[in-house]
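Numbers restart at 1 for each chain; the letters A, B, ... are given by sequence-line order, proteins then strands.
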Amino acid sequence: MILLYLETDEAGIAETSLETVALARSLAEAGGGIAIRAVLFGGLPEGVAGQLAAHGVDEVFHVTGAGFEAFSGAAWASALQALRERTGSVVVAAGGSPRGNEVLAHLAARLDVPMAANVVSFAGLAPFVVTRQVVGGAALEEMRLDQRPALFTVAGHSWTARAAVTPGKAEWHEEAPEVAPGDLAARIVSVGQREAVRPGALKRARVVVGAGRGAGGPDGFDGVVELAELLGGALGVSRVVTSLGWRPHHEQVGQTGSRISPELYIPCGISGAIQHWAGCSSSKTILAINTDPEAPMVTKADYAVIGDMHEVVPAIVEELRRRSGA
Amino acid sequence: MDVLVCVKRVPDSSSQILLTEDAQAVDGRHVGFTVSPHEECAVELAARLADATGGTATVLTLGPAEAVEQLRNALALGCGAAVHVEADTSRFGPADVAREIAAVVREHEGAGSPYDLVLLGNDAADSGDFQVGIRLAYALGRPVVNGAKVVELADGVATAHVDGPAGAETWSAPLPAVVTVLEGGVEPRYPTIKGRMAARKVQIEQRRPAYEPGGSRRTRLLLPPPEPSTVQVLGKGAEAAPAVVDLFEKLGVR
Ligand SMILES: Cc1cc2nc3c(=O)[nH]c(=O)nc-3n(C[C@H](O)[C@H](O)[C@H](O)COP(=O)(O)OP(=O)(O)OC[C@H]3O[C@@H](n4cnc5c(N)ncnc54)[C@H](O)[C@@H]3O)c2cc1C
Ligand SMILES: Nc1ncnc2c1ncn2[C@@H]1O[C@H](COP(=O)(O)O)[C@@H](O)[C@H]1O
């Protein structure tokens, strides 16, 4: 029995959660048709049940009620722990998102079993061996998960979300478990409003212009924004850029951001770490602009310009303008 | 108030990574060592919080003899005391590390110097286990906030700011508490010469692990195979612009 903690967003089940379902299906098949159960929390967008059925989920536990109004790693894990016990699940997994990692770490601590973060593949069920990303993606670690339940999270975009050949029943259960007061000692007291975003704009763009640490600071994005506008595309950035607060998180491309698949991706000042590559590798054509000819993004790209993005990008904008006669 | 901050000596992943012959660890002979950016921010937060409340920031690491370098750095950046649990980290899994940190916290508390707050990084830059802080919180029976960018302390409560998926979250946790830190909320300071001099004089508390480690369940490390490059360089600098726009036309994106 495989139990999955899945997350939702405005559009339905989060993409990284559906990718986790895909890995779970492959694991279930390797195990000779093991059932897949999903746990969801709080308010849900429409159509979730159908989505889960299409992706091969057999049973769904929807957790709401007192203690589940706002996210809490401890409360979420307590509900997962109870459901794990009731269903006798031997594997519990989640997407390798901040919340997926947090909730599973809580569960691992409560059960005192190992947990493997950011798994990219598995080999063999007995022993159960997983491969995960370490050293910022520069290396992989093979790890044995012998204890039951085996806990792991799936590195974002290392699997592809895909509907199942045989849909699941997605048999629905409403749950309202009790939460121990101690599990709500650390709690959210307020959530600020996020600025409105056009969901999917980045994911649907035919051209994405990317910018990373090479932008140099919050004021270093004028050129790339202008280029994106001229090409009718969108801006995508690396995690360094969102961590430093230079641009908002919804623009992030990569394992913990969006997965894009434009006709053309133009990463400027982005080194091409494996976690960024996870989000942009399905671009049809990649044109890298970077000062370093050895940067992984350059060697992996189809085309490259070696140079300072603050010189190259304005020159491209000028050339585009010149040819349009503007 | 007194704050403990935990850092880990890790290979600088911007250098080229090679493995030891037994594939159990990164070969440290030709790489630089550092701590993760999350931990740099945690050290900065610890120093600021201790400063603002008239307390002390203590830095702790579990690591080899060389990890004293990372402790001295943190001492030069505003920490006032340091604890070194000397051990070969490759034999310690995340649960082992959490148990060792908990042992230090409990012993210091028993000796009359409790910590109001323990700060850790959200994830270590090498093992990336995403769990030591949370396991530590359970080992100590304390509340934990994960992935905070900024932390404030007042009236026996830690207030932490987390960039959540739906917006900026404000978390509250009664002290003593554990908080794991994500980079980006504070700018780590640069060490001053005076800071470096003072850091050299601090007596580091040297310890041995309290328990036999259970291990990491690692069977081996692997390096991803190098991929052949087929990149076509269109040119250097601004002069490449016409070739770039030719490419746009060829791809039909303008
Ligand atoms: C679990 C996990 C999840 C992650 N998820 C993501 C994710 O979703 N997305 C993501 O992007 N990262 C992610 N990361 C981080 C990732 O490992 C890298 O740290 C990050 O992608 C690096 O960003 P960067 O390329 O902007 O910066 P750097 O790696 O610092 O690279 C900067 C590049 O810019 C070039 N440059 C500098 N100046 C200029 C200039 N003036 N003109 C042109 N080029 C210049 C440099 O040569 C270099 O190649 C994740 C990491 C982990 C551990
Ligand atoms: N050997 C160690 N010594 C001190 N702190 C550690 C050690 N390993 C992990 N940590 C702390 O725990 C955090 C999370 O690590 P991890 O769960 O291994 O990704 C790190 O950012 C450190 O703050």
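- Considering only heavy atoms from C-beta on, A/M115 stays 4.5 Å or farther from B/P94 through its side chain.
- With rounding to the nearest 0.5 Å, the separation of CG in A/L244 from CD in B/E187 is 8.0 Å.
- Interatomic distance, CD of B/Q24 versus CD of A/E141, reported as 9.0 Å (0.5 Å rounding).
- Counting heavy-atom pairs closer than 4.5 Å to chain B, the top-ranked of the candidates A/I286, A/I289, A/L140, A/N118 is A/L140.
- Residue A/E69 places its CD atom among more than 12 non-hydrogen atoms of other residues, nucleotides or ligands, all under 6.0 Å distant.
- Ranking B/A160, B/P165, B/P174 against chain A, the residue ahead of the rest is B/P165, based on heavy-atom pairs under 4.5 Å.
- Interface residue B/L234: backbone and side-chain heavy atoms are both found under 4.5 Å from chain A.
- Contacts of B/V231 classified as side-chain contact (heavy atoms from CB on, under 4.5 Å), with partners at least two apart in sequence or in another chain: A/A301, A/A304, B/S229.
- Contact of the A/H249 side chain with the B/D163 side chain is not registered, since no non-hydrogen atoms from C-beta on lie closer than 4.5 Å.
- Only the side chain of B/V244 comes within less than 4.5 Å of a heavy atom in chain A; its backbone stays farther off.
- Nearest heavy-atom pair, A/F71 versus B/W171, reported as atom, atom and distance to 0.1 Å: O-CH2, 3.5 Å.
- Among residues 122-129 of chain B, the residues having any heavy atom closer than 4.5 Å to a heavy atom of chain A are, in sequence order, B/A125, B/D126, B/S127, B/G128, B/D129.
- Using a 4.5 Å heavy-atom cutoff, the side chains of B/Q232 and A/D302 are not in contact.
- A/Q147 touches chain B through its side chain: at least one heavy atom from C-beta onward sits under 4.5 Å away, while N, CA, C and O do not.
- Take B/A98 and apply the side-chain contact (heavy atoms from CB on, under 4.5 Å) test, not counting sequence neighbours, and it matches B/V132, B/R135, B/L136.
- For A/L184, no part lies near chain B; criterion is any non-hydrogen pair under 4.5 Å.
- Options A/G307, A/A139, A/S190 differ in how many heavy-atom pairs under 4.5 Å they form with chain B, and the most are formed by A/S190.
- In this structure, chain B has heavy atoms under 4.5 Å from both the backbone and the side chain of A/A74.
- The candidate with the highest count of non-hydrogen atom pairs below 4.5 Å against chain A, out of B/L251, B/L182, B/V145, is B/L251.
- Summarising the geometry, atom CD belonging to A/E311 is positioned 10.0 Å from atom CD belonging to B/E239; distances are rounded to the nearest 0.5 Å.
- The most heavy-atom pairs under 4.5 Å with chain A, out of B/T180, B/V144, B/L223, B/N146, come from B/N146.
- When heavy atoms are compared at a cutoff of 4.5 Å, B/V10 does not approach chain A at all.
- Partners of B/H161 by side-chain contact (heavy atoms from CB on, under 4.5 Å), not counting sequence neighbours, listed by chain and number: B/V150, B/E152, B/T159, B/T170.
- Using a 4.5 Å cut-off between heavy atoms, A/V305 contacts chain B through both its backbone and its side chain.
- Using a 4.5 Å cut-off on side-chain heavy atoms (C-beta onward), B/R217 and A/L145 make no contact.
- Rounded to the nearest 0.5 angstrom, B/E249 CD and A/L320 CG are separated by 8.5 Å.
- Residue B/D96: no heavy atom, backbone or side chain, is found under 4.5 Å from chain A.
- Only the backbone of A/T242 comes within contact range of chain B, judged by heavy atoms closer than 4.5 Å.
- Summarising the local packing, CG of B/D22 is surrounded by more than 12 heavy atoms from other residues, nucleotides or ligands at distances under 6.0 Å.
- Among B/A166, B/S216, B/A137, B/A95, the residue making the largest number of heavy-atom pairs under 4.5 Å with chain A is B/A166.
- Options B/G185, B/S172, B/A158, B/G252 differ in how many heavy-atom pairs under 4.5 Å they form with chain A, and the most are formed by B/S172.
- Here the OG1-CZ distance, from B/T219 to A/R144, works out to 8.0 Å after rounding to the nearest 0.5 Å.
- Contact count against chain B (heavy-atom pairs under 4.5 Å) is highest for A/S243 among A/S243, A/G232, A/P262.
- Using a 4.5 Å heavy-atom cutoff, the side chains of A/R323 and B/V245 are in contact.
- Neither the backbone nor the side chain of A/V120 comes within less than 4.5 Å of any heavy atom in chain B.
- Per-residue counts of heavy-atom pairs under 4.5 Å with chain B were compared for A/A315, A/A105, A/A186; the largest is that of A/A186.
- The minimum heavy-atom distance linking B/P224 with A/A138 is given by the pair CD-O, 3.3 Å.
- The contact between A/I188 and chain B is made by backbone and side chain atoms together, counting heavy-atom distances below 4.5 Å.
- With chain B as partner, the option from A/G192, A/A273, A/A116, A/G137 having the largest number of non-hydrogen pairs under 4.5 angstrom is A/G192.
- Side-chain atoms of A/E142 and B/L222, non-hydrogen and from C-beta on, do get closer than 4.5 Å to each other.
- Using a 4.5 Å cut-off on side-chain heavy atoms (C-beta onward), A/D112 and B/Y138 make no contact.
- The choice from A/V240, A/V207, A/L264 that makes the most heavy-atom pairs within less than 4.5 Å of chain B is A/L264.
- Both the backbone and the side chain of A/T299 come within contact range of chain B, judged by heavy atoms closer than 4.5 Å.
- Between the CG atom in A/L227 and the CZ atom in B/F248 there is a gap of 5.5 Å [rounded to 0.5 Å].
- Between chain A and the residues B/R220, B/Q131, B/E227, B/R142, the most heavy-atom pairs under 4.5 angstrom are made by B/R220.
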